[in-house]
Amino acid sequence: MVRAVKRTIKSIKRNKKITVAAQAKTNSKCFYKYVNDRRLKRDTIGPLIDTEGSTQTNNRSKAKILNTYFTSVFTREDLTEIPQSHVLNPQEVLSDGVFTVEEVEEQLSILNPYKSTGPDGLGPRILKETAKVISEPLTNIFNRSLETGIVSDDWKRANVTPIFKKENKQMPNNYRPISLTSVISKTIEKLLKVRLKSQSTLM
């Protein structure tokens with residue numbers, strides 16, 4: 001299974017290079033995107049001004065400044081006035097809680113290949129192109145997660161990327177955080193959403 005996935009990935013990468021090269025003259029946007037995605041040096045965050053007015057250039061210090069700012073503007077919901085809802089038996093709601101290989105493969109096949117990759121390094125393009133190969137093992141993992149109630153730690157992690165908005169690049173309040181989570185985690189969330197919707201229409 002692992003060898004089959006590796007062969008498929010290599011084939012996809014090779015075909016991608018051929019396609020980009022063939023369309024370079026007519027689709028320059030696709031060409032430059034391919035080049036930028038493979039640049040060894042990425043654009044980095046420049047010097048930032050901390051709360052004391054000092055300019056920080058060290059990466060660790062800049063990360064701390066942004067983390068402090070993002071935390072300060074985080075909205076904390078009031079959990080004391082949550083309306084009561086009718087508690088349902090989960091066995092009744094998810095009477096057919098097992099995902100099928102066909103359902104998983106369908107979700108993988110409609111992934112947007114241009115979306116960003118999460119902390120696990122598995123991008124949507126790879127998952128989309130290898131859907132037929134990996135849909136069965138992923139189905140087993142998803143169903144095992146539902147059965148045990150255990151979610152993989154990798155699915156809970158996220159890469160928080162600061163995105164510059166406007167004006168002074170040295171001010172941390174001119175950045176907004178983007179949280180990049182695992183594409184596989186998003187896939188099982190979509191599957192659950194579809195299943196819950198279908199169940200709710202039967203109640």
Problem - Hydrophobic cluster membership, Trp155 vs Leu180, 4.5 Å side-chain cutoff - result: no
Problem - NZ on Lys128 to NZ on Lys115, rounded to 0.5 Å - result: 13.0 Å
Practice task
Before giving the answer on side chain to side chain contact (heavy atoms under 4.5 Å, CB included), spell out for Lys193 and Leu196 the whole-Å C-alpha distance, their side-chain angles and the decisive distance to 0.1 Å.
Solution key: CA-CA 5 Å; Lys193 181 180 178 181; Leu196 288 172; 6.0 Å; no
Exercise for the section: Treating Ile, Leu, Val, Met, Phe, Trp and Tyr as nodes and any side-chain heavy-atom pair under 4.5 angstrom as an edge, say whether Val73 and Ile65 lie in one connected cluster. Expected result: yes
Practice task
Identify the heavy atoms of Asn58 and Arg60 that sit nearest to each other, and give their distance.
Solution key: OD1-N, 2.8 Å
Handout entry: Cluster overlap Phe164 with Leu66, hydrophobic side-chain contacts below 4.5 Å
Key = yes
Problem - Closest non-hydrogen atom pair between Asn173 and Lys165, with its separation - result: O-NZ, 3.4 Å
Problem - pair Pro119-Asn159: side-chain heavy atoms closer than 4.5 Å - result: yes
Handout entry: Euclidean distance, Lys64 NZ relative to Gln56 CD, rounded to 0.5 Å
Key = 9.5 Å
Exercise for the section: Could you grab the distance from atom CG of Asn140 to atom OG of Ser145, nearest 0.5 Å is fine? Expected result: 12.5 Å
Practice task
Say whether, by atom type as modelled, one donor and one acceptor occur between the side chain of Asn143 and the main chain of Thr139 under 3.5 angstrom.
Solution key: yes
Exercise for the section: Give a yes or no on whether Ile188 and Val101 share a hydrophobic cluster (residues Ile, Leu, Val, Met, Phe, Trp, Tyr; joining criterion: side-chain heavy atoms under 4.5 Å apart). Expected result: no
Problem - Close side-chain approach of Leu138 to Leu108, heavy-atom, < 4.5 Å - result: yes
Handout entry: Any Leu146 side-chain heavy atom under 4.5 Å of Leu192 side chain
Key = yes
Problem - Shared hydrophobic cluster for Ile178 and Tyr69 (ILVMFWY, side-chain gaps under 4.5 Å) - result: no
Completion exercise
Heavy-atom nearest pair, Gln107 first then Thr187, reads CB-CG2, 4.0 Å
Problem - Heavy-atom pair with the smallest gap, counting every atom of Arg125 and Tyr114 - result: NH2-CE2, 3.5 Å
Exercise for the section: Compare every heavy atom of Pro162 with every heavy atom of Val160, then report the nearest pair and how far apart it is. Expected result: O-CD, 3.9 Å
Practice task
Please indicate whether Gln170 has more than 12 foreign heavy atoms, meaning atoms of other residues, nucleotides or ligands, lying under 6.0 Å from its CD.
Solution key: yes
Problem - Glu147/Arg144 ion pair, N-O < 4.0 Å - result: yes
Problem - From CD (Glu103) to CZ (Phe142), nearest 0.5 Å - result: 11.5 Å
Problem - side chain to side chain contact (heavy atoms under 4.5 Å, CB included) assessment of Met171 paired with Ile49 - result: CA-CA 6 Å; Met171 301 303 295; Ile49 299 176; 3.9 Å; yes
Practice task
State, to 0.1 Å, how close Ala131 and Ser109 come at their nearest heavy-atom pair, and which atoms those are.
Solution key: CB-N, 4.4 Å
Exercise for the section: Compare all side-chain heavy atoms of Leu122 with those of Val183 and state whether any distance is below 4.5 angstrom. Expected result: no
Exercise for the section: For Asn174 and Asn168, indicate whether the former's side chain and the latter's backbone hold a donor-acceptor pair under 3.5 Å. Expected result: yes
Fill in the blank from the handout: In this structure, NZ of Lys169 is separated from CD1 of Ile45 (nearest 0.5 Å) by 8.5 Å
Exercise for the section: Please confirm whether the backbone N or O of Asp50 pairs with a side-chain atom of Ser54, one donor and one acceptor, at under 3.5 Å? Expected result: no
Problem - Nearest-0.5 Å distance, CG of residue Leu111 to CD1 of residue Ile126 - result: 12.0 Å
